[in-house]
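Here is the structure we will look at, set down as structure tokens.
Atom set for the values below is all heavy atoms of this structure, side chains included, hydrogens, waters and symmetry mates excluded. Quick note on labels: first sequence line is chain A, next is B, and so on, each numbered from 1.
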2 protein chains.
Amino acid sequence: MSGKIFIIEDEPSIIQLVQHNLEKEGFIVSSSINGNNGLKELKKFEPNLLLLDWMLPDLSGIEICKNIRKDMKLKSLPIIMLTAKGEEEDKIKGLDSGVDDYLTKPFSFNELLARIKAVLRRSDPKIVSDYIEFDDLKLNRNERRVFRSDIEITLGPTEFRLLEFFLLNPKRVYSRDQILENVWPNNINVESRTIDVHIRRLRKSVNLKNKKELIRTVRSAGYSLI
Amino acid sequence: MSGKIFIIEDEPSIIQLVQHNLEKEGFIVSSSINGNNGLKELKKFEPNLLLLDWMLPDLSGIEICKNIRKDMKLKSLPIIMLTAKGEEEDKIKGLDSGVDDYLTKPFSFNELLARIKAVLRRSDPKIVSDYIEFDDLKLNRNERRVFRSDIEITLGPTEFRLLEFFLLNPKRVYSRDQILENVWPNNINVESRTIDVHIRRLRKSVNLKNKKELIRTVRSAGYSLI
DNA sequence: TTTAAATGTTACAAAATTGTTACAATTTAA
DNA sequence: TTAAATTGTAACAATTTTGTAACATTTAAA
């Protein structure tokens, strides 16, 4: 993984966490804790992506966005907006102003990383190296291959997306609704039982004999990786 | 492959990566991390090609370019400029100042190698051996010949470009859109199904009997070499 | 234990995707 | 110019994927 990421965010704890982890992933990271300075430094730094907090002490995230979209050089800079919970309506306003994606605080680093990759993949696929690992499971997105203990597994498209999704936050339990939202294409309607069948298919593919179960059923809650 | 390549670039990590890999390819490589020294050493080294970073601590890439073009001995030295993203406009400026090609950071080594070969091929075809190999497949660009296990294969023009493209990033899955963008001439419009037919033609030519399939179909994603 | 709810499993038809062939239009070579 | 090669697309075949229904099994509560 390579590429440069700039962060404008006023909570130092968030900056620290995100910066540190992104650097561990191989990104070059720089940051600012306010909007006006951020804009200036941003232009010098020439990032491949911007993480932008919604609420800032001076300029609002939206202001910064508009500012960036006017600038010829930065016009196509991908932006991920960080919003606090309860700003759902504002999401729509924000989308109009040219933000590429959103993330609601609090978030896990893996979620953020996934969004960053997704956005970068669209704008500049070369940057994303893309390799997820969990336990003895390896998923290579570029090659679209999955291995369990170095034995290749063949997955159908939905099974692949499903596993990809679980790997973003392994161990976490997802409800059927959450799975639907994230794994199925938007505005498609399938019954929630459909997920059970796909889980079954994924299990069948992933659980080679002699290997322990990777997908846990949490009764009345959903599924998770373990 | 033979020939000498000089690098002027201030990020040591890039120098290291590029130098090492170019040497593995058979080039003789030397480098400098700033413009003024670079210019001096360059004249002693007498390279066949220069990799030049756009942004340098002292002289800009453009300055160096102009300097070189004034020098009788270096007048025809091929130059590949390395630019960070978001300098699109500058590309044009740069082209006027006599740069032969561009590469936007970050880039994969294979992309760089392809550009280097393309430029050298124009300026001094003898230097470029130009030879891509993957599994038991050999593609010789100079002679426009392809071999599978030392048996020559005849490919049509599109089949050749298609295979060439897959060989730049073997194993990686490309969507039909990506293939269209990279293999077909710009601003041409063909249906995505057309690719399937060309893949079929390529397969027919490349898969000699008793040989395993080289092109993998990834349902709902695209194709890749394996 | 009995019962109801939740989940597992299987089968199957419809839908989507890809493979294959043929053919007309265009380009290239002879 | 004529013949051969190349190209894009349509049409149909083969294959894979998908969603759901139906029935089986498990779990938790009464």
Open item on the list: With nearest nucleotide decided by heavy atoms, which residue, A:T194 or A:R219, maps closer to the 5′ end of DNA chain D?
Closed with: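 Here A:T194 is the residue nearer the 5' end.
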Task: B:L155 vs B:S192, nearer the 5' end of DNA chain D by closest nucleotide - done: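 Taking each residue's closest nucleotide, the earlier one in sequence belongs to B:L155.
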[X] [atom1] - [N] [atom2] separation (whole Å):
X: B:I188; N: C:dT27; atom1: CD1; atom2: C1'; answer: 12 Å
X: A:K204; N: C:dT9; atom1: NZ; atom2: P; answer: 9 Å
X: B:E213; N: C:dT20; atom1: CD; atom2: C1'; answer: 14 Å

Task: Contact boundaries on DNA chain D for chain B, cut-off under 4.0 Å to non-hydrogen atoms - done: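 Counting from the 5' end, contacts occupy D:dT6 to D:dT17.
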TODO: Examine A:Y174 together with A:F165 and report whether their ring centres are nearer than 6.0 Å.
DONE: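 That pair passes the under 6.0 Å test.
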What pairs of nitrogen or oxygen atoms, one from the protein and one from nucleotides 12-15 of chain C, lie under 3.5 Å apart?
none

Open item on the list: Using a heavy-atom cut-off of 4.0 Å across all strands, would you classify A:R203 as base, sugar-phosphate, or nothing?
Closed with: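 A:R203: backbone/sugar contact only, no base atoms under 4.0 Å.
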Open item on the list: Please determine whether a side-chain nitrogen or oxygen atom of A:Y223 lies at a distance below 4.0 Å from atom OP1 or OP2 of C:dA6.
Closed with: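 False: A:Y223 side-chain N/O out of range (4.0 Å or more) of C:dA6 OP1/OP2.
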TODO: Could you please spell out the steps behind the side-chain contact (heavy atoms from CB on, under 4.5 Å) verdict for A:S224 and A:R172?
DONE: CA-CA 6 Å; A:S224 82; A:R172 168 166 176 177; 5.8 Å; no
- [ ] Enumerate the residues from residues 170-178 of chain A whose closest heavy atom to DNA chain D is under 4.0 Å, giving them by residue number; use none for an empty result.
- [x]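 None - not one residue of the stretch has a heavy atom sitting under 4.0 Å from the strand.
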TODO: May I ask you to decide if the ring planes of B:W184 and B:H198 are parallel, tilted or perpendicular, using 30° and 60° as cut-offs?
DONE: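 Aromatic pair B:W184/B:H198 classed perpendicular.
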